[in-house]
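Quick notes on the structure that follows.
Counting starts at 1 for both ligands and their atoms, following the listed order. Reckoned from all heavy atoms, side chains included, excluding hydrogens, waters and symmetry mates.
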Amino acid sequence: MSGPEEGIGGDAPQAIRKLTPGKLVIASHNEGKVREIRELLKPFGIEPVSAKELDLPEPVENGTTFYANAELKAMQAADLSGLPALADDSGLCVEALGNAPGVYTADWAERQPVEGPPGRDWYMAMGKVEGKLAEKGPDVSRSAHFVCMLALAWPDGHVEWFEGSVEGQLVWPPRGNVGFGYDPMFVPLGESETFGEMDPAKKHEISHRADAFRKLVDAVF
Ligand code: IMP
């Protein structure tokens with residue numbers, strides 16, 4: 001897939017760069033994402049190493065789009081490690097909330113305790129989504145989708161992007177304790193279990209991350 005600015009100014013589309021077997025940095029400090037990306041990379045002779053294992057700093061995600069945040073995470077990790085790096089920027093888009101929290105999905109979980117370090121509380125974040133839906137009345141649409149933007153960056157500054165999504169419905173109360181983030185309140189279309197209840201192997205077949213991965217695999221391997 002081409003990046004957002006490619007082609008502007010009449011440039012000819014560039015060929016997608018292939019990824020050769022070897023080390024690949026997973027440019028994320030989110031353990032749930034790292035676990036899923038490792039699983040998805042298993043069949044491809046890639047040696048995944050996480051940003052945390054390399055002691056890379058966690059960048060400030062100050063982009064206003066999934067593209068921008070995925071790119072800044074992947075480029076920083078590729079630059080600092082000298083290795084190709086894969087970043088995922090993802091989020092939950094709730095239709096009745098104008099696609100919020102969207103790019104701010106992780107921020108909705110930020111908790112600033114009176115004492116101790118700040119942390120993320122996913123049950124609080126899910127409660128916030130549910131509270132905002134409840135304000136809209138009992139007939140509000142509960143349709144939502146997860147988006148995943150993958151950016152694959154090389155140390156010379158080349159980047160490729162791949163986007164995936166999965167449609168679903170939000171349920172309350174949350175159900176299940178596998179998965180991470182907002183999984184317990186999201187039932188993908190055509191399923192009865194939430195992502196929080198589902199066998200991870202099944203989530204890997206249908207999730208937004210799996211969708212983006214299929215595109216990446218077709219293009220770069
Ligand atoms: P970021 O991409 O690091 O900004 O964070 C996106 C946030 O979206 C994650 O921290 C999760 O809370 C949420 N998210 C992304 N993908 C999933 C998923 O597969 N299940 C549940 N929550 C997700």
Side-chain angles (χ1 to χ4, degrees), residues 25-40 50-52 56-77 85-94 97 99-111 118-130 144-153 161-172 174-189 191 193-214 216:
V25 181
I26 306 177
S28 176
H29 287 73
N30 176 324
E31 281 172 27
K33 276 189 196 177
V34 172
R35 191 174 57 237
E36 289 195 3
I37 293 171
R38 277 188 201 281
E39 282 296 311
L40 290 160
S50 75
K52 207 169 177 181
L56 300 180
E58 203 170 351
V60 178
E61 295 183 30
N62 53 9
T64 54
T65 63
F66 292 116
Y67 268 115
N69 280 337
E71 181 182 81
L72 76 85
K73 287 186 274 192
M75 284 186 78
Q76 179 188 291
L86 178 65
D88 159 319
D89 201 64
S90 43
L92 178 70
C93 301
V94 182
L97 304 182
N99 283 336
V103 74
Y104 304 107
T105 299
D107 299 343
W108 281 31
E110 291 299 343
R111 193 183 264 294
R120 288 187 174 153
D121 179 338
W122 301 108
Y123 272 81
M124 179 192 77
M126 287 188 282
K128 217 182 260 186
V129 169
E130 184 59 24
H145 56 278
F146 274 120
V147 171
C148 171
M149 182 66 64
L150 295 175
L152 179 56
W161 291 267
F162 307 93
E163 182 174 2
S165 64
V166 59
E167 298 286 337
Q169 292 285 314
L170 298 178
V171 294
W172 197 257
R175 305 193 317 245
N177 53 14
V178 285
F180 66 100
Y182 296 71
D183 277 342
M185 74 179 303
F186 185 86
V187 177
L189 213 62
E191 302 292 333
E193 291 178 312
T194 67
F195 270 162
E197 294 171 307
M198 195 173 275
D199 180 343
K202 185 162 182 191
K203 182 181 174 193
H204 294 336
E205 283 170 19
I206 61 176
S207 76
H208 48 313
R209 203 158 287 111
D211 187 27
F213 245 83
R214 265 189 292 275
L216 177 146

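No side-chain heavy atom of Arg120 sits under 4.5 Å from any side-chain heavy atom of Arg111.
Of the N or O atoms in Arg120, none lie within a sub-3.5 Å distance of an N or O in ligand 1. Of the N or O atoms in Glu36, none lie within a sub-3.5 Å distance of an N or O in ligand 1.
Considering every non-hydrogen atom in both Asp88 and Cys148, the closest pair reads OD2-SG, 3.4 Å. Scanning both residues, Gly176 and Glu197, for their nearest heavy atoms gives CA-CG, 3.7 Å. A pairwise comparison of heavy atoms in Ala51 and His29 identifies CB-CE1, 3.7 Å as the closest pair.
Looking at Met185, Lys33, Met126 and measuring to atom 1 (P) of ligand 1, the nearest heavy atom belongs to Lys33. Relative to atom 8 (O) of ligand 1, the option among Val166, Asp107, Thr105 with the closest non-hydrogen atom is Thr105.
In this structure, atom 22 (N) of ligand 1 lies nearest to the protein heavy atom Tyr182 N, 3.2 Å. At the top of the distance list for atom 6 (C) of ligand 1, counting protein heavy atoms only, stands Ser90 O, 2.8 Å. Among all non-hydrogen protein atoms, the one lying nearest atom 5 (O) of ligand 1 is Ala106 CB, 3.7 Å. Of all protein heavy atoms, the one closest to atom 23 (C) of ligand 1 is Phe146 CE2, 3.6 Å. At the shortest separation from atom 16 (N) of ligand 1 among protein heavy atoms lies Arg209 NH2, 2.8 Å. Counting protein heavy atoms only, atom 4 (O) of ligand 1 is closest to Glu61 OE1, 3.0 Å.
At least one donor-acceptor pair closer than 3.5 Å links the side chain of Asn69 to the backbone N or O of Gly63. Of the possible polar contacts, none joining the Asn99 side chain to the Gly102 backbone as a donor-acceptor pair under 3.5 Å is found. Here the side chain of Arg209 pairs no donor or acceptor atom with the backbone of Gly164 at under 3.5 angstrom. Between the side chain of Tyr182 and the main chain of Thr105, a donor-acceptor pair closer than 3.5 Å is present.
Residue Asp183 places a heavy atom less than 4.0 Å from ligand 1. Ser207 does not count as a contact of ligand 1, since none of its heavy atoms falls under 4.0 Å from the ligand. Using 4.0 Å as the threshold, Trp122 has a heavy atom nearer than that to some atom of ligand 1. Using a 4.0 Å cutoff on heavy atoms, Phe195 does not count as a contact of ligand 1.
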For side-chain contact (heavy atoms from CB on, under 4.5 Å), just list the numbers for Phe180 and Glu36, CA-CA rounded to whole Å, side-chain angles, deciding distance to a tenth of an Å, and then say yes or no.
CA-CA 10 Å; Phe180 66 100; Glu36 289 195 3; 3.4 Å; yes

Yes or no on side-chain contact (heavy atoms from CB on, under 4.5 Å) for Met198 and Val178, after CA distance, side-chain angles and deciding distance?
CA-CA 7 Å; Met198 195 173 275; Val178 285; 5.7 Å; no

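Ligand 1 places these atoms under 4.0 Å from at least one heavy atom of Gly91: 8 (O). Each of the following atoms of ligand 1 lies closer than 4.0 Å to a heavy atom of Lys203: 18 (C), 19 (O), 20 (N). The contact set between ligand 1 and Asp89, taken as ligand atoms under 4.0 Å from a residue heavy atom, comprises 1 (P), 2 (O), 4 (O).
At a heavy-atom cutoff of 4.0 Å, ligand 1 is contacted by the side chain of Asn30 but not by its backbone. Here Lys73 has side-chain heavy atoms under 4.0 Å from ligand 1, and that is the only part of it that gets that close.
Ring geometry, Tyr67 versus Trp161: the interplanar angle exceeds 60°, so the pair is classed perpendicular (tilted spans 30 to 60°).
At a threshold of 4.0 Å, the pair Glu193-Lys202 does not count as salt-bridged, since none of the basic side-chain nitrogens sits closer than that to a carboxylate oxygen.
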